[in-house]
Amino acid sequence: MMALSSRPALLCTRLACRSQVPLAIRSFATTTTTTTITAPTPTPPNNRKSKRPLTQKENDFLDRALRVNQAGELGANLIYEGQYAVFKSDPRLRPLIRHMWDQEIHHLQTFDKLIERHRVRPTAMRPIWNVAGYALGLGTALLGEKAAMACTEAVETEIGGHYNNQLRELLQMIKENPELGEEGSDIAELVKTIREFRDDELEHLDTAVAHDAKGAAGYEVLHNLIRGGCKAAIYISERV
């Protein structure tokens with residue numbers, strides 16, 4: 001009976017102790033246990049992209065690059081079309097020429113779309129390049145396989161170097177303005193496209209060398225004439 005009677009006394013003692021705890025402390029404890037911490041809302045990925053418009057200098061470069069690249073891919077496309085007209089009955093050369101031609105078709109279609117998207121005026125020389133490109137491909141193919149490969153080597157050497165020059169300028173622009181290199185920007189996309197197409201052109205160059213381009217009759221003259229013509233076409237197409 002004594003043990004049972006001591007429990008109410010103990011309970012009263014505990015209640016009395018609790019009532020003696022300062023109100024401020026009890027209020028703090030209650031407040032801290034009910035506080036909810038809300039995590040910050042992450043910024044949507046699309047809002048992280050740079051919205052800075054291109055400067056006039058950057059837009060001028062984009063116009064020139066797209067105009068001349070479309071013209072160059074048009075010329076390459078027609079060169080392979082002319083070569084294919086001669087070699088389409090050759091079971092060894094037909095798939096090789098067709099493969100390179102298909103890549104040039106893809107390049108041209110890509111720059112056609114970019115020209116339209118950015119509202120860039122195509123070169124006014126296009127009608128002339130249409131005739132000159134096909135005539136060069138057809139004419140060198142009629143001179144034989146090695147002459148056709150010498151033509152390919154000269155053209156792709158010039159186009160590969162041209163693309164490398166553009167890449168240097170673009171990467172310098174990105175170095176000076178890092179936001180231009182952000183994924184999805186016009187400049188970053190152009191860098192990616194040019195790198196891919198540059199590599200294709202250099203693959204064509206390697207193919208031509210592997211098929212004895214340098215063994216063509218009058219190779220030095222042919223090589224230098226074609227490269228000179230390509231340099232002139234690039235210079236004109238950037239400006240006209």
Side-chain angles (χ1 to χ4, degrees), residues 66-115 122-123 125-166 193-238:
L66 294 181
R67 181 181 302 112
V68 70
N69 291 355
Q70 184 199 40
E73 296 298 349
L74 171 67
N77 178 68
L78 290 166
I79 287 171
Y80 286 116
E81 184 178 354
Q83 291 181 351
Y84 189 79
V86 175
F87 296 128
K88 63 183 177 182
S89 59
D90 187 320
R92 184 175 58 86
L93 293 177
R94 182 180 65 246
L96 181 66
I97 301 298
R98 182 76 245 188
H99 168 69
M100 294 191 287
W101 185 16
D102 284 342
Q103 288 182 318
E104 300 297 350
I105 290 173
H106 169 61
H107 297 178
L108 179 59
Q109 289 174 342
T110 299
F111 280 117
D112 283 346
K113 291 175 183 177
L114 289 173
I115 282 273
T123 178
M125 301 296 290
R126 182 163 184 151
I128 296 176
W129 302 154
N130 283 342
V131 175
Y134 188 83
L136 179 59
L138 182 68
T140 53
L142 289 172
L143 292 174
E145 176 185 346
K146 292 180 181 180
M149 292 300 170
C151 172
T152 296
E153 182 205 10
V155 170
E156 302 296 19
T157 297
E158 209 57 47
I159 294 179
H162 166 71
Y163 278 154
N164 276 332
N165 290 338
Q166 285 189 345
T193 297
I194 291 177
R195 275 178 172 157
E196 177 189 342
F197 293 178
R198 184 272 317 270
D199 291 346
D200 288 344
E201 309 297 359
L202 295 180
E203 175 193 318
H204 301 171
L205 170 60
D206 291 341
T207 298
V209 171
H211 284 76
D212 199 20
K214 291 178 169 44
Y219 166 80
E220 290 296 336
V221 175
L222 188 62
H223 178 84
N224 290 329
L225 281 175
I226 294 173
R227 285 195 65 180
C230 288
K231 288 179 186 291
I234 289 171
Y235 181 86
I236 294 169
S237 295
E238 285 181 332

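This is a predicted model, so every value here is computed, not measured.
A pairwise comparison of heavy atoms in G160 and L202 identifies CA-CD2, 4.2 Å as the closest pair. Of all heavy-atom pairs spanning A147 and L143, the tightest one is CB-CB, 3.6 Å. The shortest heavy-atom contact between A213 and Y219 is O-CD1, 3.3 Å. Closest approach of S237 and W129 over heavy atoms only: OG-NE1, 2.9 Å.
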Kindly determine whether E203 and H99 satisfy side-chain hydrogen bond (donor to acceptor under 3.5 Å, both in side chains), including the steps that lead there. CA-CA 11 Å; E203 175 193 318; H99 168 69; 3.1 Å; yes

For the pair L136 and C151, evaluate side chain to side chain contact (heavy atoms under 4.5 Å, CB included) and give the outcome as yes or no after the intermediate values. CA-CA 8 Å; L136 179 59; C151 172; 3.8 Å; yes

Test side-chain hydrogen bond (donor to acceptor under 3.5 Å, both in side chains) on H162 and Q166 and set out the steps. CA-CA 6 Å; H162 166 71; Q166 285 189 345; 3.2 Å; yes

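Side-chain atoms of E153 and M149, non-hydrogen and from C-beta on, never get closer than 4.5 Å to each other. Looking at heavy atoms from C-beta onward, L96 lies in side-chain contact with T207 at the 4.5 angstrom threshold. Looking at heavy atoms from C-beta onward, E145 lies out of side-chain contact with D90 at the 4.5 angstrom threshold. Counting only heavy atoms from C-beta outward, the side chains of T110 and E73 never approach each other to under 4.5 Å. Proximity of V68 to T123: side-chain heavy atoms (C-beta onward) are nowhere separated by under 4.5 Å. Counting heavy atoms from C-beta outward, E104 and L108 have side chains that stay 4.5 Å or more apart.
Between atom CG of residue D200 and atom NE2 of residue H107 there is a gap of 3.5 Å, rounded to the nearest 0.5 Å. Put simply, CD1 on I226 and CD on E156 are 11.5 Å apart, with the number rounded to the nearest 0.5 Å. The CG atom of N69 sits 10.0 Å away from the OG1 atom of T193 when rounded to the nearest 0.5 Å. The CZ atom of R198 sits 13.5 Å away from the CD1 atom of I159 when rounded to the nearest 0.5 Å. If you take CD1 on I79 and OG1 on T140, they are separated by 7.5 Å, rounding to the nearest 0.5 Å. Within the model, atoms CZ of R67 and CG of L114 stand 13.5 Å from one another, a figure rounded to the nearest 0.5 Å.
Between Y84 and W101, the ring planes are tilted. Angles from 30° to 60° get that label. Using bins of under 30°, 30° to 60° and over 60° for the plane-to-plane angle, the ring pair H106/F197 lands in the perpendicular bin.
Remark: R98 engages D102 in a salt bridge, criterion side-chain N to carboxylate O under 4.0 Å.
Checked by atom type and distance alone, the side chain of Q83 pairs as donor or acceptor with a backbone atom of A148 at under 3.5 Å.
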